[in-house]
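Everything quoted here is computed from the prediction, not taken from an experiment. Values reported hereafter were calculated over all heavy atoms of this structure, with side chains retained and with hydrogens, waters and symmetry mates removed. When a ligand or atom number is given, it counts from 1 through the structure's own listing order.
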Amino acid sequence: MTKEEIIDFYKHSTTEELIGKAKEICSVKYDNKVFLRGLIEFSNYCDKDCLYCGIRNANANVHRYRLTEKEIIDTVKLGYDKNLKTFVLQSGEDDYFTNKKLCYIIEEIKKITNNEVALTLSCGIKTKKQYQEIKDAGCDRYLIRFETSDEKLHSYLRNGISLKRRLQALNDLKELGFEVGSGFMVGLPNETEQIRINNALLCYDLGLDMIGIGPFIPHPETPLKDSIQESIELTIRMTALLRMLLPDANIPATTAAGTLSPIGREKMLEAGANVLMPNITPTTYKKDYLLYPNKICLDETGFECIGCLSGRVGTVGKKLSFERGDSLSFLSRKDYSGNNG
Ligand code: 5AD
Ligand code: SF4
Ligand code: FES
């Protein structure tokens, strides 16, 4: 189907029909495998003030923490010993973690894991030169959601930061050879169905390797506290649309979906998601990384979650995989450029 045909199909189909299509793609392309990523939330300091986010700078009620460099590296080692092959290091926009520190952490991790793991960073907008240094240190992938494709809504929600700047960062990352991830929240205030469709089309135009989406959940200590909570169904429908538009992209079933609905992640997996990200941040810190309220899995270790997830994926006919799980789009780009190193 062309992208126009896919959008048309999306508009005229029930959620069950969309899920049917997504299931077919996941079975053929991924043999129903679900890749695992160990998520480490290494700092909840942030100098930005996104209106939707619970750890925004202006929220004085947040107990701020930073993992030490050693704690970050040790946490990866723990995951590596338990067979995880991909790690995502996420934080707010925290200048304490200078590029020098980040590069040191990346290099150490690569060393102690015999270069066997894929490393993803998710710590916001940086200059192209900084991204280059991070890449040179051995970082494989970078995540930075565009949040919404609507320019006006974007600069309102991000407290004045433009969508253009975000897209510039994504473009820089792609040029530098990263496996690139982005995505958006679903059900933001003033978001229309057309904006959601445009969000999906922007993912398509960017040719993303990884797409993270999840429901917007109003946080009581933010300016958006009185916004309405949209249903999980919108996120499920978007997941299926993205799977149809970008069959080669990795799409996580996100914790926000599991927070909004007890079977939100399973529903996302049915609708085309093929990645899960157990949160292996040491449990003492987990409760302080609350972008939205009622976040699940705060008392469990990420390793306990893996056991839980293995049962959950089974209920929707899928199975966990401990492979690196590079995105198919990234692998074909590498082959095409003849650069296999
Ligand atoms: N509800 C849901 N998702 C949120 N994020 C931030 N705040 C919220 C919220 N209130 C998402 C953003 C960000 C990602 C790390 O978490 O999309 O990029
Ligand atoms: Fe900071 Fe990211 Fe939250 Fe914005 S969404 S306030 S950049 S942690
Ligand atoms: Fe964390 Fe079930 S996935 S406890």
Side-chain angles (χ1 to χ4, degrees), residues 34 36 38-39 41-59 62 64 88-95 120-126 142-148 154 157-161 165-166 169 181-189 191 199 210-225 227 229-230 232 234-235 252-260 262-266 269 276-281 283 286 288-313 315 320:
V34 178
L36 286 168
L39 172 67
E41 295 160 337
F42 66 92
S43 162
N44 70 351
Y45 281 82
C46 186
D47 59 22
K48 299 294 185 292
D49 262 315
C50 303
L51 266 55
Y52 44 80
C53 178
I55 64 168
R56 63 202 300 269
N57 190 272
N59 187 358
V62 179
R64 304 281 169 179
V88 179
L89 306 186
Q90 186 167 76
S91 71
E93 298 209 4
D94 179 8
D95 280 346
T120 306
L121 247 60
S122 172
C123 35
I125 293 180
K126 299 187 182 293
Y142 204 97
L143 299 174
I144 179 164
R145 290 188 182 179
F146 58 74
E147 315 295 2
T148 176
H154 185 102
L157 292 172
R158 300 216 60 241
N159 209 24
I161 303 172
R165 181 63 190 94
R166 206 72 160 179
S182 189
F184 53 90
M185 281 173 284
V186 182
L188 288 166
E191 177 189 283
N199 289 346
M210 307 176 280
I211 308 168
I213 69 164
F216 163 63
I217 306 176
H219 189 295
E221 288 159 0
T222 64
L224 300 185
K225 61 176 185 293
S227 310
Q229 176 66 69
E230 294 288 356
I232 187 76
L234 292 183
T235 301
T254 48
T255 305
T259 297
L260 184 55
I263 52 160
R265 287 171 298 179
E266 288 87 331
L269 290 170
L276 280 164
M277 298 172 55
N279 183 349
I280 64 169
T281 309
T283 40
K286 274 186 170 184
D288 295 318
Y289 205 91
L290 293 190
L291 309 178
Y292 46 82
N294 307 317
K295 193 171 167 190
I296 53 171
C297 305
L298 295 183
D299 298 324
E300 293 81 7
T301 68
F303 306 110
E304 287 166 332
C305 288
I306 295 176
C308 175
L309 293 171
S310 133
R312 285 171 181 265
V313 299
T315 65
L320 291 184

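- Considering only non-hydrogen atoms, atom 10 (N) of ligand 1 lies nearest to Ile217 out of Ile217, Ile213, Val186, Ile55.
- Protein heavy atom nearest atom 6 (C) of ligand 1, with residue, atom name and distance: Tyr52 CD1, 3.6 Å.
- In summary, no N, O or S atom of Cys50 is located under 2.8 Å from atom 1 (Fe) of ligand 2.
- Going from atom CD of Glu93 over to atom SG of Cys46 covers 5.5 Å, rounded to the nearest 0.5 Å.
- Of all protein heavy atoms, the one closest to atom 16 (O) of ligand 1 is Leu291 CD1, 3.3 Å.
- Cys297 has its side chain out of reach of Asn279: every pair of non-hydrogen atoms, C-beta onward, lies at least 4.5 Å apart.
- The part of Pro215 lying near ligand 1 is the backbone, judged by heavy-atom distances below 4.0 Å.
- Residue contacts with ligand 1: Arg145 is placed with a nitrogen or oxygen under 3.5 Å of a nitrogen or oxygen of the ligand (distance criterion only).
- Atoms of ligand 1 lying under 4.0 Å from any heavy atom of Cys53, numbered from 1 in the order shown and given with element: 7 (N).
- Side-chain N or O atoms of Lys295 include none that pairs as donor or acceptor with a backbone N or O of Lys286 at under 3.5 Å.
- A 4.5 Å side-chain heavy-atom check between Leu234 and Phe216 finds every atom pair outside the cut-off.
- The closest approach between any non-hydrogen atom of Glu147 and ligand 2 is not below 4.0 Å.
- No side-chain heavy atom of Thr222 sits under 4.5 Å from any side-chain heavy atom of Asn59.
- The contact set between ligand 1 and Glu147, taken as ligand atoms under 4.0 Å from a residue heavy atom, comprises 12 (C), 13 (C), 17 (O), 18 (O).
- Put simply, Cys308 gets within reach of atom 2 (Fe) of ligand 3, with an N, O or S atom under 2.8 Å from it.
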| request: Go through Lys126 and Tyr142 one step at a time and tell me if the side-chain contact (heavy atoms from CB on, under 4.5 Å) criterion holds. | output: CA-CA 11 Å; Lys126 299 187 182 293; Tyr142 204 97; 3.9 Å; yes
| request: Would you check, one step at a time, whether the test side-chain contact (heavy atoms from CB on, under 4.5 Å) holds for Val186 with Asn199? | output: CA-CA 9 Å; Val186 182; Asn199 289 346; over 6 Å; no
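- Each of the atoms 7 (S) of ligand 2 lies under 4.0 Å from some heavy atom of Arg158.
- Considering Lys225, Met185, Lys295 only, the shortest heavy-atom separation from atom 3 (N) of ligand 1 involves Met185.
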| request: Just do the side-chain contact (heavy atoms from CB on, under 4.5 Å) check on Leu224 and His219 with the steps written out, would you? | output: CA-CA 7 Å; Leu224 300 185; His219 189 295; over 6 Å; no
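- Put simply, atom 1 (Fe) of ligand 2 has protein non-hydrogen atoms near it, under 4.0 Å away.
- Counting atoms of ligand 2 from 1 in the listed order, those under 4.0 Å from a heavy atom of Cys46 are 1 (Fe), 6 (S), 7 (S), 8 (S).
- Arg145 contributes no side-chain N or O that, together with a main-chain N or O of Gly183, makes up a donor-acceptor pair within less than 3.5 Å.
- Taking every heavy atom of Cys297 and a limit of under 4.0 angstrom, the matching atoms of ligand 3 come to 1 (Fe), 3 (S), 4 (S).
- The nearest protein atom to atom 3 (Fe) of ligand 2, hydrogens excluded, is given as Cys53 SG, 2.3 Å; this is a heavy-atom distance.
- Among all protein heavy atoms, the one lying closest to atom 3 (S) of ligand 3 is Arg265 NH1, 3.3 Å.
- Considering every non-hydrogen atom in both Met277 and Val88, the closest pair reads CE-CG2, 4.0 Å.
- Counting atoms of ligand 2 from 1 in the listed order, those under 4.0 Å from a heavy atom of Gly92 are 8 (S).
- Taking every heavy atom of Leu309 and a limit of under 4.0 angstrom, the matching atoms of ligand 3 come to 3 (S).
- Counting heavy atoms from C-beta outward, Glu230 and Glu191 have side chains that stay 4.5 Å or more apart.
- Residue contacts with ligand 2 for Ile55 involve side-chain atoms from C-beta outward but no N, CA, C or O (heavy atoms, distance under 4.0 Å).
- Checking side-chain atoms of Arg166 against main-chain N and O of Ile144 turns up no donor-acceptor pair under 3.5 Å.
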